[in-house]
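Notes for the one structure printed next.
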Amino acid sequence: MRKKVIAGNWKMNKVLSEAEKFVATTKDNIPTSDKVESVICAPFPYLAALVERAKGSDVKIAAQNMHYEANGAFTGEVSPVMLKDIGVTYVVIGHSERRELFAETDETVNKKVHAAFNNALTPIICVGETLEQRESNETMSVVELQVKKALEGLSDAQVHEVIIAYEPIWAIGTGKTASTEQANEVCTHIRGIVSEFVSSDAAEAVRIQYGGSVKPANVDELLSQSDIDGALVGGASLEADSFLKLVEAGAK
Ligand SMILES: O=C[C@H](O)COP(=O)(O)O
């Protein structure tokens with residue numbers, strides 16, 4: 001039985017006091033359950049403070065991005081070594097907003113995934129198609145290429161630890177959720193790719209989230225699907241009450 005992962009991706013939102021209040025509330029109210037992990041993906045300036053705040057609880061703190069090099073002349077970037085050093089344990093890699101707005105490619109995604117493992121960070125790897133690609137029936141091939149490139153060169157044991165977030169770009173922040181069937185169909189396809197190109201054991205272990213307008217009202221149905229092991233949530237993760245409802249759904 002795969003443990004569900006509910007990850008709240010705040011994106012570029014909140015000031016420090018709001019972030020700290022959110023984590024304090026979440027820490028006090030998070031359901032104790034071995035069925036779900038809860039992760040908060042916060043902006044860089046808050047990570048160290050939030051790791052401290054979350055200590056002693058099951059709430060994990062993630063970065064929303066990182067560079068793949070350990071250090072060097074990369075003005076404005078943050079390295080995996082820095083994240084590990086302050087106690088961050090998860091990192092989102094290849095979010096569609098990074099791919100679209102900041103020139104992230106399948107190659108840089110793969111380098112970052114390796115860098116994450118080299119620094120004991122669990123990667124949450126984002127994949128997903130545009131509306132245009134879905135309408136031209138390219139969803140499965142687009143996602144297949146993204147998954148294969150992201151996992152290239154990893155060991156079987158590393159793939160066991162990976163989290164893949166399937167986020168159809170047309171469903172992000174739009175209020176349009178993929179139907180549960182559409183979401184599960186792609187997640188099943190992703191598991192099949194892992195089975196074919198890595199191993200059936202890795203495919204059984206890898207956790208696959210759905211992301212795109214997930215909210216308390218639709219999370220139960222999404223999480224009840226055979227190949228959906230959690231959610232990567234933007235808008236509905238910004239309020240602690242809403243985030244807690246999502247985690248509670250994962251704990252059922
Ligand atoms: O990382 C989260 C996703 O981009 C989904 O965002 P959303 O829940 O606001 O649609």
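Indexing begins at 1, ligand by ligand and atom by atom, following the structure's order. Only heavy atoms go into these numbers, but all of them, side chains included; no hydrogens, no water, no symmetry mates.
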Can you find an N or O of [X] that's nearer than 3.5 Å to an N or O of ligand 1?
| X | result |
| --- | --- |
| Asn9 | yes |
| Lys11 | yes |
| Gly234 | yes |
| Gly235 | yes |

Given Asn9, Ile6, Ile164, the one that forms side-chain contact (heavy atoms from CB on, under 4.5 Å) with Leu232: Asn9
N/O donor-acceptor pair under 3.5 Å between Glu37 side chain and Val5 backbone: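 Such a contact is absent between Glu37 side chain and Val5 backbone.
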Asn110 (side chain) donor-acceptor with Glu107 (main chain) under 3.5 angstrom: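 No: the side chain of Asn110 does not pair with the backbone of Glu107.
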Any side-chain heavy-atom pair of Asn65 and His95 under 4.5 Å: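 No, their side chains stay 4.5 Å or more apart.
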His95 and ligand 1 - part of the residue with a heavy-atom distance under 4.0 Å: side chain
Top protein contact for atom 2 (C) of ligand 1, by heavy-atom distance: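 For atom 2 (C) of ligand 1, the nearest protein heavy atom is Glu167 OE2, 3.2 Å.
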Ligand-residue contact atoms, ligand 1 with [X], heavy atoms, under 4.0 Å:
| X | result |
| --- | --- |
| Gly212 | 5 (C), 10 (O) |
| Gly173 | 7 (P), 9 (O), 10 (O) |
| Ala171 | 10 (O) |
| Ser213 | 7 (P), 8 (O), 10 (O) |

Test log, rule ring-ring contact (aromatic ring centres under 6.0 Å, His included), inputs Trp10 and Phe22: CA-CA 11 Å; Trp10 291 347; Phe22 182 110; 4.9 Å; yes
Ala236 near ligand 1 by a heavy-atom separation under 4.0 Å: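 Flag not set, Ala236 not near ligand 1.
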Pairing of Arg99 and Asp106 as salt bridge, 4.0 angstrom limit: yes
Note: Lys21-Glu18 ion pair, threshold 4.0 Å (strictly below):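 No, this pair does not count.
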Distance-only side-chain donor-acceptor flag, Glu100 / Ser96, under 3.5 Å: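 Ser96 and Glu100 do not have a side-chain donor-acceptor pair below 3.5 Å.
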